Amino acid sequence: MHDIRWIRENPAEFDSAMAKRGVETMSAGLVERDANRRAVQTELQELQTRRNDASKQIGIAKGKGEDADVLIKEVGDLKDRMQSLEEKEKTLSAELTEMLSGIPNLPAEDTPEGNGEEENVEIRLEGNPPKFEFEAKDHVELGENLSGMSFERAGKLSGARFVVLQGALAKLERALAAFMLDVQTGEFGYTEIAPPVLVKDEALYGTGQLPKFADDLFKTTDDLWLIPTAEVPLTNLVADEILAEEDLPIRVTALTPCFRSEAGAAGKDTRGMLRQHQFNKVELVSICHPVNSLDEHERMTGAAEEILMRLGLAYRVMVLCTGDIGFSARKTYDLEVWLPGQETYREISSCSNCGDFQARRMKARFRPEGGKGTQFVHTLNGSGLAVGRCLIAVMENYQNEDGSITVPEVLRPYMNGLELITAG
RNA sequence: GGAGAGGUGGCAGAGUGGUUGAAUGCACUGGUCUUGAAAACCAGCAGGCGUGUAAGCGUCUCGAGGGUUCGAAUCCCUCCCUCUCCGCCA
């Protein structure tokens, strides 16, 4: 959510930043509506002042046993005008809020300009893709040959874009998640949270999925929504709160299933478990002081990268361009892991700095020490990492010619020491 | 699901139609006193919006939304949430 006062004072800056995102100029309409709203509000407040004064006088008069009919009549006459102004004010501010809540965040100054995915910029390349003496298989073939992955059975249960994991592969998935949580909580200071995965409208509004992206979500018959990412419950932990400055930063992590309708992805990544309706993810969320969010963003990205490094997976770090960053983000780093089965890098983590955009929607503030008033916090979120995709990466990068999979060393403690996953 | 109770400032907790945005206590901040600290005493201490260069002034908010009234934390309606008991249940 944007600060209308800032837009009012910087309309040109607002429009040009939006243009970079491919959103058409809109400050004029917003500013006009806002001016309208304020005029009505001021007029209404003047009437309210008069009414309050008169009502107090009535109270005093009645207390003394005096007659107050003249005043009562005057206030009665104000009523009609007040009511219509109130309605007008309500409509105008509801319209303004609706317009504002559908506008994406302003990109950061150092977010590169571009129209779409193709114009994202690679800033780092880490590790080396493995070289195989044989033709690498993809995870589907590997998984099915190991009897550890069934899309057929998942289809029977739930349809397309689901998977059933079994045996050592199911365990490997669990090992990955546990490893990620242990690193993030033990070494990067994140507090582990076990949040609800069903949430109310307000929570999704707070992080920006609603009102615009309802189609991407699953909704229950009880009007609760399945979370598309733990970013939603974790970030909204501080909604409607005024924190003490010393509470910041708040770093939290959670392993949760994530649910996405993938409505816009028909026909895309249909093979395998790259794009599922349900997948596990370890999410990282930071709530921090505005002056620290840039540093926090780098730190968070590093925390996610650490997992890939320790797993010995090759990856690259991309900065998303203005045409590809998400609705709530000012700047986003994507981590893309090398997948031998596709001979390409694929997204496995996305780390975003949302500035105060979500904080405004959630009304998440802190009280600066010594200063007066409150300020909005900054929020950041990142995957640390997507567990399902990480499973794919491990399988494909650690495969052997016979179809077996070597368990990366850091995962062996989580696998009862198992070193090799073989069929049977 | 059934029956009941309740949601007030950072916390606890008064307040059931009238100069109440809200007593009191705790916490916190500043001051006095003290060699220093504690104690005691004094003062300050909600948020949003509007207006104004500012000091300030105004307005709204006592879970949320509506209603009654000249006037609502207080009365009425709807919803949300919490607690207790019963039922069911991982």
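Quick caveat, the model's predicted, so the values are computed rather than measured. A, B, ... follow the sequence lines: proteins, then strands. Residue 1 opens every chain.
A distance of about 47 Å separates the P atoms of B:G31 and B:C81, rounded to the whole Å. Nucleotides B:G71 and B:U16, compared at atom C1', are 15 Å apart to the nearest Å. The separation of B:U61 from B:G52, taken at their P atoms, amounts to 23 Å, rounded to a whole angstrom. Comparing the P positions of B:C80 and B:G13 gives a spacing of 26 Å, expressed to the nearest Å.
For the OP1/OP2 pair of B:G48 and a distance below 4.0 Å, the side-chain nitrogens and oxygens of A:T374 include at least one atom meeting the criterion. Regarding contacts with the backbone of B:G47, a side-chain N or O of A:R367 is found under 4.0 angstrom from either OP1 or OP2. In this model, the phosphate group of B:C60 is not approached by any side-chain N or O of A:K90 to a distance below 4.0 Å at OP1 or OP2. The phosphate of B:G48 has OP1 or OP2 within less than 4.0 Å of a side-chain N or O from A:R365. Residue A:N52 places at least one side-chain N or O closer than 4.0 Å to OP1 or OP2 of B:U59. Checking the phosphate oxygens (OP1, OP2) of B:C60, a side-chain nitrogen or oxygen of A:R51 falls inside 4.0 Å. The side chain of A:R50 contributes no N or O atom lying less than 4.0 Å from OP1 or OP2 of B:G58. OP1 or OP2 of B:G50 lies within a sub-4.0 Å distance of a side-chain N or O belonging to A:R5.
Closest contact between the side chain of A:I72 and the listed nucleotides B:C70, B:G48, B:G10 involves B:C70. The side chain of A:R38 has B:U51 as its nearest neighbour among B:G18, B:C60, B:U51. Set against B:G47, B:G71, B:U59, the side chain of A:S55 has B:G71 as its closest nucleotide. The side chain of A:V75 sits closest to B:C70 out of B:G58, B:U51, B:C70. Checked against B:C49, B:C81, B:G71, the side chain of A:Q41 finds its nearest nucleotide in B:C49.
The residues A:E306 and A:R310 are annotated as salt-bridged, a charged nitrogen and a carboxylate oxygen being separated by less than 4.0 angstrom. Ion pair A:D34/A:R37 flagged as a salt bridge, since at least one NZ, NE, NH1 or NH2 atom sits closer than 4.0 Å to an Asp/Glu carboxylate oxygen.
Base pairing analysis places B:A38 opposite nothing; no Watson-Crick or G-U wobble pair with both distances below 3.5 Å involves it. Across the strands present, B:U20 finds no partner; the criterion is a Watson-Crick or G-U wobble pair with both atom distances under 3.5 angstrom. Nucleotide B:G58 is matched to B:C49 when pairs are restricted to Watson-Crick or G-U wobble geometry with both distances under 3.5 angstrom. In this structure, B:G65 and B:C77 make a Watson-Crick or G-U wobble pair, each of the two defining distances being under 3.5 angstrom.
Looking at A:I250 and A:L243, their side chains come closer than 4.5 Å, going by heavy atoms from C-beta outward. Two residues are said to be in side-chain contact when any heavy atoms from C-beta on lie closer than 4.5 Å; A:R271 and A:F151 fail this criterion. A heavy-atom distance below 4.5 Å is found between the side chains of A:H2 and A:L106.
In this structure, A:R360 reaches neither bases nor backbone, as no heavy-atom distance under 4.0 Å exists between it and the strands shown. When heavy atoms are screened at a 4.0 angstrom cut-off, A:K73 is found touching no nucleic acid atom at all.
On a pure distance criterion of 3.5 Å, a polar donor-acceptor pair joins the side chain of A:Q45 and the base of B:G58.
A cation-pi contact links A:R361 to A:Y205, judged by a cut-off of 6.0 Å to the six-membered ring centre and 45° from its axis.
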